[in-house]
K.L.:
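Input: one structure, supplied below.
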Amino acid sequence: MKHKFNILHFETLPSSNDYAKNHRDGINTPAVIWCDQQTNGRGRFKRVWESNRDLTFSMLFHDDAPHHLLAPLSLICALSENDFDCKIKWPNDILYEGKKLCGILIEKVYEGNEKPYTIVGIGVNTTPPCESLSHKATWVPLPSSSLLSTILQRYEALQRLSLQELLKLYRSCNYLKGRKILQNGVLWDVSDISEEGYLLVCHDDVSATWKSEEVTLEHIY
Ligand code: BTN
């Protein structure tokens, strides 16, 4: 693998995000905690993340890079190199042909005035989803190790770009662009994404800023 990440590989972990969080002080960053199987994988809003020998890993950083842009873009680039043309559904879902292919869970740990630790947990479906999820989830038949290697190489390359260049790339694969979202009975138009990764929406003369930890998008048109 040609990249600078410190790789820790496990057969089974409860959750690679939890491992990164609990062991952060003893791990040289940037690091990747990669496990073949998770027994207690977590998604956003404490949802369960089911995986069955799919690609599951967490990246641990101790910096202030814009990981909310770097993470989805590294997946988009790595998948596109493998001929899968995907979109980002804000904040961080990766969709292939309109169905969810990857999930990203970004968590930050603040300690005093130091730079925070950022844990970027990524799950990519590399085996078919169970029948009950097949209407909204999809998969790619790619070997986990080579896909991981490409993602890490793309991540490093993207880190050399400016914030404006990253935003431009994010906008070019924004699934929500030009769509409407029904939220609490109001139909919002999606305008843009901000530098901080907030979703900017408007309805008549009213504009609003949504933070990823505050909203789940239910009805998209
Ligand atoms: C989501 O779509 O809600 C985010 C899912 C993130 C799942 C990954 S799998 C590796 C890492 N470890 C976890 O427990 N969760 C993330």
Side-chain angles (χ1 to χ4, degrees), residues 5-24 27 29-61 67-76 78-79 86-96 98-109 117-130 132-140 142-145 147-152 155 170 173-176 197 199 210-218 220:
F5 290 90
N6 167 25
I7 307 265
L8 282 75
H9 187 198
F10 298 86
E11 194 176 314
T12 307
L13 283 178
S15 152
S16 55
N17 264 42
D18 288 345
Y19 186 94
K21 202 179 287 176
N22 296 337
H23 297 83
R24 62 185 183 276
I27 299 176
T29 57
V32 171
I33 294 92
W34 170 30
C35 56
D36 298 336
Q37 233 170 352
Q38 280 190 139
T39 52
N40 195 21
R42 297 185 288 109
R44 293 177 65 227
F45 300 109
K46 300 194 173 138
R47 294 187 194 115
V48 173
W49 180 262
E50 299 273 7
S51 52
N52 174 29
R53 301 215 160 256
D54 297 294
L55 174 58
T56 49
F57 64 100
S58 299
M59 306 167 90
L60 178 68
F61 300 95
H67 296 290
H68 58 286
L69 301 174
L70 291 165
L73 287 172
S74 67
L75 288 164
I76 291 284
L79 289 159
C86 298
K87 296 273 180 210
I88 306 171
K89 186 183 133 209
W90 180 88
N92 274 328
D93 285 353
I94 304 297
L95 305 188
Y96 176 59
K99 293 183 181 182
K100 184 159 170 170
L101 171 62
C102 321
I104 304 176
L105 174 65
I106 300 182
E107 298 180 294
K108 285 197 186 262
V109 183
Y117 279 98
T118 304
I119 299 157
V120 178
I122 296 181
V124 185
N125 299 328
T126 53
T127 66
C130 61
S132 62
L133 290 178
S134 60
H135 64 290
K136 57 177 186 178
T138 191
W139 67 294
V140 284
L142 296 174
S144 290
S145 60
L147 179 57
L148 175 61
S149 172
T150 315
I151 294 167
L152 300 182
Y155 213 105
Y170 189 109
C173 38
N174 181 1
Y175 173 79
L176 295 181
L199 190 68
W210 293 350
K211 295 185 182 167
S212 60
E213 56 278 19
E214 292 170 356
V215 280
T216 336
L217 307 183
E218 297 293 351
I220 301 169

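Position 1 is the first residue of the sequence; numbering continues from there. Indexing begins at 1, ligand by ligand and atom by atom, following the structure's order.
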K.L.:
Show me the pairs that pass salt bridge (charged side-chain N to carboxylate O under 4.0 Å, His left out) and involve residues 30-49, at least two apart or across chains.
P.N.:
Asp18-Arg42, Arg42-Glu107
K.L.:
More than 12 heavy atoms of other residues, nucleotides or ligands under 6.0 Å from CD of Glu11: yes or no?
P.N.:
no
K.L.:
I'd like the atom pairs linking ligand 1 to the protein - N or O on both sides, separation under 3.5 Å - with distances to 0.1 Å.
P.N.:
unit_1	atom_1	unit_2	atom_2	d
ligand 1	2 (O)	Lys100	NZ	2.6
ligand 1	3 (O)	Arg44	N	2.7
ligand 1	12 (N)	Ser16	OG	3.2
ligand 1	12 (N)	Gln38	OE1	2.8
ligand 1	14 (O)	Ser15	OG	2.7
ligand 1	14 (O)	Arg42	N	2.8
ligand 1	15 (N)	Arg42	O	2.7

K.L.:
Can you sort out the partners of Tyr117 under side-chain hydrogen bond (donor to acceptor under 3.5 Å, both in side chains), two or more places apart, ordered by chain and number?
P.N.:
Asp25
K.L.:
Are Phe5 and Phe57 an aromatic pair, judged by ring center distance below 6.0 Å?
P.N.:
no
K.L.:
Is there a donor-acceptor contact under 3.5 Å from the side chain of Trp90 to the main chain of Ser212?
P.N.:
no
K.L.:
Using the salt bridge (charged side-chain N to carboxylate O under 4.0 Å, His left out) rule, collect all pairs that involve residues 48-59, keeping only residues at least two apart or in two chains.
P.N.:
none
